[in-house]
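Accompanying notes for the structure given below.
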Amino acid sequence: MNPTNPLLPCLNHLIERYYHQLTEGCGNEACTNEACGSSPGFRRMDNNAAAIKALELYKNNAKLCDPHPSKKGASSAFPENSAKGAHNFSACSNGKMNHKDLPSTREDFRDLNYLTEEKVYEILALCGETEDYSPLIRVIGRVFSSAESLVQSFRKAKQHTKEELKSLQAKDEDKDEDEKETASGSASAMEVDPDAAASSGEGASHDSNNVQKLGPVEVSVDIEAVRRVYDRLLSNEKIEAAFLNALVYLSPNVECDLTYHNVYAADPNYLNVFIIVMENNNLHSPEYLEIALPQFCKAMSKLPLPALAKLARLWSQYGADQIRRLVETFQQLITYTVISNEFNSDNLVNEDDGVVAATKCLKIVYYANVLGGDLDTDHNEEEDDEPIPESSELTLQELLGEERRNKKGPRVDPLETELGIRTSDCRKPLIPFEEFINEPLNDVLEMDKDYTFFKVETESKFSFMTCPFILNAVTKNLGLYYDNRIRMYSERRITALYSLVQGQQLNPYLRLKVRRDHIIDDALVRLEMIAMENPADLKKQLYVEFEGEQGVDEGGVSKEFFQLVVEEIFNPDIGMFTYDESTKLFWFNPSSFENEGQFTLIGIVLGLAIYNNCILDVHFPMVVYRKLMGKKGTFRDLADSHPVLYQSLKELLEYEGNVEEDMMITFQISQTDLFGNPVMYDLREGGEKIPVTNDNRKEFVALYAEYMLNKSVEKQFKAFKRGFHMVTNESPLKYLFRPEEIELLICGSRNLDFQALEETTEYDGGYNRDCHIIKDFWETVHSFGQEQKRLFLQFTTGTDRAPVGGLGKLKMIIAKNGPDSDRLPTSHTCFNVLLLPEYSTKEKLRERLLKAITYAKGFGML
């Protein structure tokens, strides 16, 4: 400022009045001044825009509002009552301001650049005495709209370490005696509180240096203090509005800082801004959803990966209620935006910045939910040492300029890598994974476009498949379907090009010709040959032909092929799997005489079923799917796979007496082979001589589970897993789905909602839903027992399970097949079509239908 110009203080003061009028308003809710923040039609602007606008208003001699009674004596915007124009200098005399016209520093707290819990309560108490909360509103507006101020606010008091004390003492040696005494006093006390530091540059620098030494979860902000402050202040509507307005001003500046200035790397304390704001319990309220929260989510999504990881680790220490609040905040924004807009193929939800940013923020909470849950990061399956052989088409693809797909291996989320965990590591999250699914978003998502963005991996296009936690199983299955189909078309194209180069005709399909009576032998020989010669052929579309039978495979023949293979392989008489009558589940037989090829075949079959969108009648415990996803079986998995053994071992762990004397068991266990003969196995070397005691019983239980679920079936499961990965190794399956969702993909849903099936069924050949026979048909079907309903579903669709999403996703057609006759109903399972004659009575309909579904098997029978 030029000291020779006595009018500059007055000019600055007037410009400042315009600025506060724009940012805070005059306090009159009915104000008609368009350049006043209190005017009903006024559009909020950030601090920089307000400063520029204030200069314009001053130049144009624009109107300055009189302070409203509620503002007088409290607002820095209205230090004087002037009903005149902007250039009224009556408050100045010979270029000097009267002290009585200046705002009171004590009332305005203008020098307060950050907040502590104590300072907030102090200001709140003063405001309560005068019943005028303007000073507090102004302070909140100033501090919460400034990232620099928030970073310094609500700091923890931190005890100095010994190293810090030595460092401080070394620096103080060059100072005079008085300075030494002061420094010594500071070093032996708590770290300087921001209140005492008075926001000096030295203090800020000191705090920043300390943060660099914080642990991976430790932060400098006192979260409990922030929560207490919010609890006190948010009950006041005017104060709440100050938080809202401040957030509107804060967010664009923070986004700019993170995008262009790399502020987090310079000062990790910058994370405090997000920690403090996200503690506001009202963020999901309608007032925030329009502008404030979308802008803040955009800013948060710009955080660098280490900051996102630290935020996830911090939030993982919160309780389930706090995690749920964070989830609801971002879910509210996504849902509000989705239902407030018309999203379609021309207006993609992927291009909405608010929804995309909120989804990215939700990912932080998702991993916090995983980290804070029941984790098992130790028991991981070893990777297969023998790699899956590359296709012989590699040379051709290189010749044609084609790059082998996914050379980098399966996709892994960067945040997952940074945190060092996987979703499959989590046994039980803090809140159920289902709470992260947003159904309105799934309804408007154009999955074909989203899949394209997922494969392209460009920064300009966001794919929700990169955040699979927000998608339901139906949507993810559709994404997997696109991936499988495109891979099939790609293999078909490569085959066609190969034929051109080689000059010989190759089959573009994975064609299997099998005899019904020798289905396992035929399928095993053919698939083993393909797996050895060219595994890429497994990625082709499956085409099955039963020898001596009519039937073009448009899906139905493949379905029956899968069913027959599964029935044969899981037949207890073959001995590949053992069957538990109590759980109705199969487990690998450690004593099986079958070679590894048989187990590889069932792995290939499971992979092909997913790849060709077929459902199998497979009954495995969940531990099988966890092992397929890279996790080992542990004691807890025995509850599902071997419940009797689990209960016995659990009682051993909980036994309060003397285990060694009362139970007399050792580290040698006995199993029975295929012929019922006992086979002994030492869990530890010399196990027969090592008694199980109260001290080592946990080790005994862990080793017992390790043997039962991993070691005893290692050869069989490794072959099974290898076959499965032959088909799915390039698929995003592992990235998109959790173990329980893999089971749903392979087996379908056991929940059969025939009411949903009735609602989605279509009619042809003269039938409609109002026909008398159709009404009789559905009454008959609804009266069936569960087993009869499964038989009906098997007869009509080729499987007795509901697809992913339930029977409502199954498009069944009932077509008229002539007038009343003694003919049985027939079906085209490839198209889910039921051909139903127009029977004369309900009783005849029931009798004919039951006979058809009970005895039907094979193509060309009827």
Side-chain angles (χ1 to χ4, degrees), residues 345 348 350 391 393 397 400 402-406 410-411 442 445-457 461 463-466 468 471-499 506-512 527 530 534-545 552-559 561-562 604-616 724-737 741-742 744-746 748 797-799 803-805 809-811 829-832:
S345 57
L348 296 175
N350 305 66
S391 167
E393 294 169 358
Q397 287 178 303
L400 297 170
E402 297 270 340
E403 290 188 13
R404 193 71 189 161
R405 294 177 297 276
N406 291 337
R411 186 193 293 251
N442 281 263
L445 186 60
E446 299 287 338
M447 203 57 200
D448 54 342
K449 304 278 179 51
D450 192 85
Y451 172 76
T452 304
F453 301 153
F454 178 73
K455 294 302 288 184
V456 171
E457 293 189 63
K461 298 291 185 181
S463 169
F464 288 95
M465 285 179 70
T466 60
L471 305 177
N472 58 35
V474 176
T475 305
K476 287 191 280 192
N477 189 42
L478 187 57
L480 186 65
Y481 173 81
Y482 285 130
D483 186 80
N484 294 340
R485 289 295 161 182
I486 288 173
R487 209 174 295 278
M488 288 176 186
Y489 298 150
S490 176
E491 293 297 339
R492 199 178 301 174
R493 171 173 166 265
I494 292 295
T495 301
L497 292 171
Y498 200 101
S499 299
L506 297 177
N507 198 326
Y509 297 96
L510 172 59
R511 187 179 291 273
L512 295 179
L527 290 173
I530 292 170
N534 195 4
D537 279 357
L538 294 172
K539 311 291 196 310
K540 295 177 179 178
Q541 185 173 347
L542 181 65
Y543 188 95
V544 177
E545 181 182 350
V552 177
D553 189 3
E554 296 188 25
V557 182
S558 295
K559 287 182 184 178
F561 164 76
F562 282 123
I604 291 175
V605 167
L606 258 66
L608 286 175
I610 292 177
Y611 197 58
N612 290 272
N613 210 33
C614 288
I615 296 172
L616 300 182
F724 183 77
H725 285 163
M726 279 182 181
V727 186
T728 63
N729 64 321
E730 293 180 352
S731 167
L733 182 76
K734 196 171 180 179
Y735 180 82
L736 293 175
F737 296 92
E741 293 175 319
I742 298 286
L744 186 64
L745 277 182
I746 294 174
T797 68
T799 177
V804 176
K809 299 293 180 182
L810 185 68
K811 299 299 180 185
T829 54
C830 13
F831 302 111
N832 300 329

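Keep in mind it's a predicted model, so treat the numbers as computed, not measured.
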Query - Verdict with supporting geometry, M465 and M447, side-chain contact (heavy atoms from CB on, under 4.5 Å) - result: CA-CA 9 Å; M465 285 179 70; M447 203 57 200; 3.2 Å; yes
**Report entry** Working for side-chain contact (heavy atoms from CB on, under 4.5 Å), residues L608 and F562
**Finding:** CA-CA 9 Å; L608 286 175; F562 282 123; 3.8 Å; yes
Requested in this report: Please assess L480 against L745 for the test side-chain contact (heavy atoms from CB on, under 4.5 Å), listing each intermediate value before the final yes or no.
Outcome: CA-CA 10 Å; L480 186 65; L745 277 182; 3.8 Å; yes
Requested in this report: Begin from the C-alpha positions of Y482 and F454 and carry the test side-chain contact (heavy atoms from CB on, under 4.5 Å) through to its verdict.
Outcome: CA-CA 11 Å; Y482 285 130; F454 178 73; over 6 Å; no
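When the side-chain hydrogen bond (donor to acceptor under 3.5 Å, both in side chains) test is applied to T475, the partners found at least two apart in sequence or on another chain are N442, N472. Scanning for ring-ring contact (aromatic ring centres under 6.0 Å, His included) contacts around F464 gives F462, with sequence neighbours left out. The ring-ring contact (aromatic ring centres under 6.0 Å, His included) search around Y451 returns none, not counting sequence neighbours. In terms of the side-chain contact (heavy atoms from CB on, under 4.5 Å) criterion, residue partners of L606 (sequence neighbours excluded) are, by chain and number, I602, L616, V618, F620, F720, F724, I746. Residues satisfying the salt bridge (charged side-chain N to carboxylate O under 4.0 Å, His left out) test with K461, not counting sequence neighbours, are E351. Scored by the side-chain hydrogen bond (donor to acceptor under 3.5 Å, both in side chains) test, S463 finds D450 as partners (sequence neighbours excluded). Residues passing the side-chain contact (heavy atoms from CB on, under 4.5 Å) test with Q541, sequence neighbours excluded: R485, M488, R492, Y509, N612.
In this structure, P732 and R487 approach most closely via the heavy-atom pair CD-NH2, 4.4 Å. Considering every non-hydrogen atom in both S558 and V544, the closest pair reads OG-CG2, 3.9 Å. A pairwise comparison of heavy atoms in E741 and L736 identifies OE1-O, 3.9 Å as the closest pair. The heavy-atom pair separating L744 from A473 by the smallest distance is CD2-CB, 3.9 Å.
With rounding to the nearest 0.5 Å, the separation of CG in N477 from CG in L733 is 10.0 Å. The CD1 atom of I742 sits 10.0 Å away from atom NZ of K734, with the distance rounded to the nearest 0.5 Å. How far CG of L810 is from CG of N832: 4.5 Å, rounded to the nearest 0.5 Å.
Just one residue in the list L538, L542, D537 forms a side-chain contact (heavy atoms from CB on, under 4.5 Å) with K540, and that residue is D537.
Within a 6.0 Å radius of NZ in K809, other residues, nucleotides and ligands contribute 12 heavy atoms or fewer.
In this structure, Y735 contributes its side chain and T466 its backbone to a donor-acceptor pair below 3.5 Å. Side-chain atoms of Y611 never come within 3.5 Å of backbone atoms of T728 as a donor-acceptor pair (strictly under, hydrogens ignored).
In this structure, the side chains of F737 and I610 stay at 4.5 Å or more apart for every pair of heavy atoms. No side-chain heavy atom of I604 sits less than 4.5 Å from a side-chain heavy atom of I530.
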